[in-house]
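In what follows, a structure is listed as structure tokens, so that the remarks can point back to it.
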Amino acid sequence: MKHAIASRWQNYIDGHWVDGERQLLVSNPATTQPVASIALAGIDEAERALDAATRCADGGALSRPRPAQRVQWLLRIAAQIRALTEEGAWVLCQENGKTLRDARDEFVEAARYFEYYAGMADKIEGSSVPLGNGYVDFTTHEPMGVSVQIVPWNFPVSICARSLAPALAAGNAVVVKSPELSPLGLCVLFRAIERAGLPRGAANLLCGLGSEVGAHLVSSPKAKQIVFTGSVATGRSILAAAAHWATPSVMELGGKSAAVVFPDADREQVLASVRSGIFFNAGQVCSAMSRLLVHRDVHDEVLAAVADLARGLVSGPGEDNPDHTPLISAAQLERVQAICNAAIAEGAQAVVGGDREGDRTGHFMQPTVFAGVRADMKIAREEVFGPVLVVMPFETEDEAVEIANGTDFGLVAGVFTRDLDRALRLTRRLRAGQVFVNEWYAGGIETPFGGVGLSGFGREKGQEALYSYVRTKNVAIRVQRD
Ligand code: NAD
């Protein structure tokens, strides 16, 4: 359902909505028309948010109540997100270009993160360590303090909830920096937080430029942890800044993930996985299936089926829930087009697509399938972040593993086969933080997620992620001798 969108939006600092001197215009990628404007935070607002979070965390309002109180806060946030889902989904769909259905799913997933980590907020238990007579030793898990979280534009609401929920569950205060290209959905998420009645300063939202507010936040000694999701280039500059204060960091970066298809694979599972793996969200997914490695015996047949699938996708504006939606910006469209042009110049063959959708005003890229790609080509090694699939043949299991592991990334991977022994063997050999068998994106918010190599480090999602948001302290006590 259509919702009216306010024309001006603000930052949320220390429990208040705050205006700014400058405004940032947010536009709809499907039409290039303006959606709304948002107050742009500057360094002053960033400092106010860091100070408010520090006051709340260090012996402040977050550290006084029992953990059971945090359970209630998180459950209330989840309920408020659910109540705002329809409105939030409309805003997100308009500013981001994604389908209304996917935008709705993002809010529902965000609510799920808060429910999931609410269940853990009062179970962050330590342990006792046996040191023998004369000693008592135990460990506790303390909150970090202020968690600075830098969010990308592709799934702003669910990615923000992914780190905000465990951070709050563990007793941290948070400063979130929203992405410039898609900041409005996060304002709706923070309205849910406002309504849930957390202490002032527990969660703050800044819409600022990455090069200005983002760079300031990650360089500040007031940031006791950095959680970054975004590109490798930005991740590198954040790590360089974090080095100065030795600020612990979680890095969720890019990917060039491969699915390996054996002749015995269920074709329907493969095609359904290609559909979601590379064409969901127009391929703007860090864990997209951007490479399909197909056994030579079935390569041509699978390539033809995948090409048909891509050809059949109908594009349109997100509110119509089409098969295919625009890229986020003109710059991204140009980038993706340039990568495709370079691949063609290197000798790759665009079996389907390879160009922008010329008859549309929005930032639409054609669903694209490349064949004739060599492993050393740029298109086989670099992240495209668009609806562009590379299909490559292999002959032996060893060759498949070598090609799959042959990039600097290692976020996710997939294996399609009915042979369980082979599947398990491959899951051990594929260099990735998560391996899907017979269904791309088979995991959920409950399953640990994160990369190896240039895909980053640290884990989000699942129980494991909670421990990214605490510091372990050991207390070793010498007691009276027997
Ligand atoms: P990006 O790196 O351009 O921007 C991400 C965020 O960083 C934005 O909020 C931006 O303002 C901010 N930023 C930019 N420069 C900064 C600086 N110097 N200091 C601090 N913050 C700064 O990435 P993007 O284009 O928004 O997102 C696309 C990338 O994100 C892709 O590479 C994709 O693979 C990756 N990604 C990874 C995951 C994951 O979980 N691994 C999820 C989604 C996206």
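Whatever order the structure lists ligands and atoms in, that order sets their numbers, starting from 1.
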Provide, to 0.1 Å, the distance between atom 32 (O) of ligand 1 and the closest protein heavy atom, together with that atom's residue and name. E383 OE1, 2.7 Å
Should D14 and R48 count as an ion pair when the cut-off is N to O under 4.0 Å? no
Charged N to carboxylate O under 4.0 angstrom, E95 versus K98? no
Show the atoms of ligand 1 that are less than 4.0 angstrom away from any heavy atom in P179. 9 (O)
Note the single closest protein heavy atom to atom 35 (C) of ligand 1, along with its residue, its atom name and the distance in Å. G230 O, 3.2 Å
Going by the atom numbers of ligand 1, which of them fall below 4.0 Å from some non-hydrogen atom of F449? 40 (O)
Suppose we measure from atom 33 (C) of ligand 1 to each protein heavy atom; which comes out shortest, and what is that distance? F385 CE1, 3.1 Å
Determine whether the side chain, the backbone, both or neither of E180 has a heavy atom under 4.0 Å from any heavy atom of ligand 1. side chain
Verify ring-ring contact (aromatic ring centres under 6.0 Å, His included) between F385 and W153, making sure each step is shown before the conclusion. CA-CA 12 Å; F385 224 59; W153 47 260; 5.4 Å; yes
With a cut-off of 4.0 Å, which atoms of ligand 1 are near a heavy atom of A215? 19 (N), 20 (C)
Any idea which protein heavy atom is nearest atom 24 (P) of ligand 1, and the distance to it? W153 NE1, 3.3 Å
Those atoms of ligand 1 less than 4.0 Å from some heavy atom in S237: 18 (N)
Would you verify whether the NZ or CZ of K256 falls within 45 degrees of the ring axis of F409 while also being under 6.0 Å from that six-membered ring's centre? no
Residues R104 and E86 bridged, charged N to O under 4.0 Å: yes
Return yes or no for this condition: an N or O of N154 is under 3.5 Å from an N or O of ligand 1. no
Looking at atom 8 (C) of ligand 1, what's its closest protein heavy atom, distance included? V151 O, 3.5 Å
Can you sort out which atoms of ligand 1 are near I238, meaning under 4.0 Å from one of its heavy atoms? 19 (N), 20 (C), 21 (N)
Between I159, L411, I150, which one has a non-hydrogen atom sitting closest to atom 21 (N) of ligand 1? I150
Could R112 and E446 be called an ion pair, given the rule that one side-chain N must be under 4.0 Å from one carboxylate O? yes
Does NZ or CZ of R360 come closer than 6.0 Å to the centre of the six-membered ring of F364, within 45° of the ring's axis? yes
Check whether the side chains of Q337 and D355 place a donor and an acceptor atom closer than 3.5 Å, and report yes or no. yes
For R162, is there an ion pair with E109 - N to carboxylate O distance below 4.0 angstrom? no
Can you tell me the protein heavy atom closest to atom 4 (O) of ligand 1 and the distance? T234 OG1, 4.4 Å
For ligand 1, is there an N or O atom under 3.5 Å from any N or O atom of L253? yes
With heavy-atom distances below 4.0 Å as the criterion, list the atoms of ligand 1 near G214. 19 (N), 20 (C), 21 (N)
Protein contact of atom 23 (O) of ligand 1 - nearest heavy atom, named by residue and atom, plus distance: S231 N, 3.4 Å
Would you call E334-R356 a salt bridge at under 4.0 Å N-O? no
Contact check: Q332 vs ligand 1, nitrogen or oxygen atoms, below 3.5 angstrom: no
Check whether any side-chain heavy atom of Y467 sits under 4.5 Å from a side-chain heavy atom of T472, and report yes or no. no
Heavy atom of Q284, distance to ligand 1 below 4.0 Å: no
How far apart are the C-alpha atoms of F155 and F280, what are their side-chain angles, what is the distance that settles it, and do they pass the ring-ring contact (aromatic ring centres under 6.0 Å, His included) test? CA-CA 12 Å; F155 294 95; F280 164 54; 5.6 Å; yes
Enumerated ligand 1 atoms positioned under 4.0 Å from heavy atoms of G254: 34 (O)
Salt-bridge contact K461-E252 (side-chain N to carboxylate O under 4.0 Å): no
Applying a 4.0 Å heavy-atom criterion (strictly less than), which segment of F228 is in contact with ligand 1: side chain, backbone, both, or neither? side chain
What's the shortest distance from atom 40 (O) of ligand 1 to any protein heavy atom, and which residue and atom give it? R162 NH2, 3.0 Å
